[in-house]
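What follows is a set of notes on a single structure, which appears directly below.
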Amino acid sequence: MIEVKDVKKKFGRKHVLKGVSFTANKGEITCVIGINGVGKTTILNTIMNLTPLNSGQILIDGEKINKHSYEKITFIPDAITMLPSMTIREAMQFMDDFYDSWNQERATELLGFFKLKETEKINNLSKGNRAKINLLLGLALDVDYLLMDEPFSGIDMFSREQIADVFTSHLVEDRGVIITTHEISDIEHLIDKSVLLDNGVVLKEFNTEDMRETEGKSIVDVMREVYQQ
Amino acid sequence: MNRFVKLVNFELSRFMKIYLVLVAMTVVVQVTGVIVKANKYMSKANTAIYEEMLSRTEFIERYGQMGFMDVTRSLWFMGPIAICTAALIFYVFMIWYRDWFGKNTFIYRLLMLPTARLNVYLSKLLSIFLMVLGLVSVQLIILPLENSVLKWLVPTDFRSDMTVSQIINGNPLSMLVPQTFTEFVLYYGAGFMALTIVFTAILFERSFKWKGIIAGIGYVAISVVIFILPVLSMFIVGRAYLYPLEILGLETAMGIIVTVMSIWVGNYLLNKKITV
Amino acid sequence: MKRYWKLMAIITVVVLTVGTFYIQSSLSANGYPEILFKKISGDKNELDPVVLDGLYRSECGTNVDERVKVTAEGTTYEREQSFLERISGSFFGNNLQELKEKHRGFMRGKSGRASSFYETDSTLAYAAVNNQSARAPKSDMEFDVAVMDKEKDETTSFTVPVPNRAMYVQAWVEDVQIIDGELKVITQNYLRDGGEEKHMYRVDISNKEISGEETIAMAGNQGENAYSRVHLLASPDRIGAHSYVIFSTTKEARKQEPDNAQMKAKKRNQKFIVYNLKTGEQNFAKAPDSLTDKDVFMYKQTTLYFRDNQHVIKYNTETDEIIDKLELPAQDEGDKQKDRQTTVEIVDGKMYMLQSQVESSLVPGNAPVLTIMDADSGDVLYKGEIVSEKPIDNNASLDIYGLLIK
């Protein structure tokens, strides 16, 4: 379980996170929803200790993040985090060199699924393909938690579908996933839990299944309710 | 292979192309310089001897013999060294900033490696350090070669031969390759310390942005003051209270303190304050 | 492993190259010519205290002048020293170096001039003037005094303002003595108005105060057309106990246009002030006319030592007599006209003399000659040439010019 407890973060005088708390469970897809600029990416960065918190605490399976955590949790930012001069093979080699949790079999499988060639240079890939490799580098790690920042933004339709397919496959099953998005239509059916964020605070945190059963509302319904007050 | 060694190798690879270009440029330009200088001298000699009817001895008396010094003093020789120096100084900054700039922000990857972040710092430090030493070694390797080229182009009567040590000693090169190994260790130790100070200052900037620039400059100032404190104190007191060996000992101690402090602060910033 | 070739290559290259370079340069440092004392006559044990000082100049570079130290035991070049030896500055081990080694604590922070020290078996004393600045409008010059009782290993140190310091721009200590428990400091003071004076200060060590002062001599402009100089003569025993200091004073006419003839005809009316440190008495002495063309090179007690290229003459200022005349051995009888450089030192009753031709080399026959004589009898105890073991390179030169007796 990832526990985000009363996290506050400011950049200069601007308070980006004003005390955000939520939890994300293993085996569930948690979606942090909010319009651009409300601090979604910042939340993921703070979870990964890529930017310091001003206050609050984040626990991953009950412990603070440390160097070993990176074998257990990974982050797929919105742009690929590999040197553009590398080929796909070199990028995979890099991952294999540094991560014990790297699963080459799975990487090969994903490569086949995305129909990409190892010898291609990251620099020469199309935007959609680059996003796929980005995803591949994260998904081929045998980690418990996966953080994804806007995996669908700015990507062509076919790539979106391919990526969305990944979420329903065994590649994601049993893992805890946190996705941020400002546009949920592609993945609404996949989400187990929603966290609605605005202005640096969590407006609502709910289980989508329960919401549908007890109140008969979809995520979009709840969003309308919450954001249009 | 542990991850630190892998990281060092990785950092070296990232600059290897430019680095090899620098090495090749140094070799080519310096050797060309030797050839150009030798030919110029010989053609002057030929003109003097065949057209002005000077004897060999008269010519040498008038213009002197050709020595390797004529090469080392020229831009052909010092130019490549200056370019390499400038390139490496520039890369001291770029080795960090390149990870933040551009579309593909590699710093995410580096900070998410399942290894101590200090290793990222140290691997960059060691890479720069090895590259500096590598260039110095290249210079040491090609010096005797260039010396032979000169001997090959200029007849014995016209040249005064020098050993590699002599070439280095009477030259700004002696700053890169000092006379004794003790000095070599001290010079490069000081260089290593300077690198850690600059690295930590860069991390201040990366952690606190605008305020970090001030903090970084402040950090450099404090480090320099701590380092020169033993010498500074004598200026303040106005007399040489310490014996030279004591100053050396204190300076060495201060150097180690500043280096450890820089690495420690750098490690703290990387773990607690850095922002992608 | 193959993927790490970059790292391995760079480390291998660095270690091998740098290692080879320093190992090789430490082995080839012996490429310098070794300099030997080639005995002509006498006892070579006499060479024990002799240190020759020279300069090795190689024309291959801009920056390759280096000093050479030659003793009977061997030749040391500046560059042959280790780095630590070089920075501790002990290449030319003089008296101060010895003092620093023996009395590390006492010598700490003391100025590097031998004239500031006084040493006997029981006492080590020091005096210098601190806070000198010719530009500062206000003077805060003070004496820095330290006296150590060697037996008790006790040091008294204090500072005390220089009396009437507002009058002076600078003051330098030229001699320090302890006489009857009182510290006497001879100084050269530069006055604000441009004059100079030789001053003697008495320092009461137990009360840490200046108990008296005296101007020994003044110098400076003497009207419009003349000026005078005064200087303390050299003594081989500046640090040890002695009861006299001797100054030389000269008056010189100031000529408008510098002219060689006038320079040569410069009026030499050198006089000597023999100052008795015990009694404070001053005697004036004037050397006989026969000595005016000779140089005084040292004094001992009240005796002045004059010399030219052929003789050393001792002159007693108390009795106004020439007491001894010592003929210097000529290096080459037929060559007296040739310009020759001679350095003479008299230490412990022995006279050490280094003679070299201006164009001398270190080849036998044309080499500098070192002669050691009994300073009283003139007996030659040792005579030998200073030669190089192997010929010196065409584009290098080696001059032996200095003589130091330990």
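Here is how names work: the chains are called A, B, and so on, in the same order as the sequence lines, proteins then strands, and each is numbered from 1.
Looking at every heavy atom in both residues, B:Arg109 comes nearest to A:Met82 through CD-CE, 3.5 Å. In terms of heavy atoms, A:Asp97 sits closest to B:Lys6 at O-NZ, 2.6 Å.
Residue A:Asn66 does not touch chain B at all, counting heavy-atom pairs closer than 4.5 Å. Looking at B:Phe10, the atoms closer than 4.5 Å to chain A (heavy atoms on both sides) all sit in the side chain, from C-beta outward. Residue A:Phe94 touches chain B through its side chain alone, counting heavy-atom pairs closer than 4.5 Å. Of the two parts of A:Thr74, only the side chain, counted from C-beta on, holds a non-hydrogen atom closer than 4.5 Å to a non-hydrogen atom of chain B.
Put simply, CG on B:Asp99 and OG1 on A:Thr81 are 11.0 Å apart, with the number rounded to the nearest 0.5 Å. A distance of 7.0 Å separates NZ of A:Lys67 from CG of B:Asn119, quoted to the nearest 0.5 Å. To the nearest 0.5 Å, atom CE of residue B:Met112 and atom CZ of residue A:Phe98 are 13.5 Å apart. The line from NE2 of A:His68 to OG1 of B:Thr115 is 9.5 Å long, rounded to the nearest 0.5 Å. Atom CG of B:Asn271 and atom CD1 of A:Ile65 lie 11.0 Å apart (nearest 0.5 Å).
Counting heavy atoms of neighbouring residues, nucleotides and ligands inside a 6.0 Å radius, atom OH of B:Tyr268 does not exceed 12 of them. Other residues, nucleotides and ligands contribute only 12 or fewer heavy atoms inside 6.0 Å of the NZ atom of A:Lys127. More than 12 heavy atoms of other residues, nucleotides or ligands shown are found within 6.0 angstrom of CH2 on B:Trp100.
Residues B:Tyr108 and A:Asn45 meet the side-chain proximity criterion, which asks for heavy atoms closer than 4.5 Å.
Of the candidates A:Thr51, A:Leu50, A:Thr42, A:Thr51 is the only one forming a side-chain contact (heavy atoms from CB on, under 4.5 Å) with B:Thr275.
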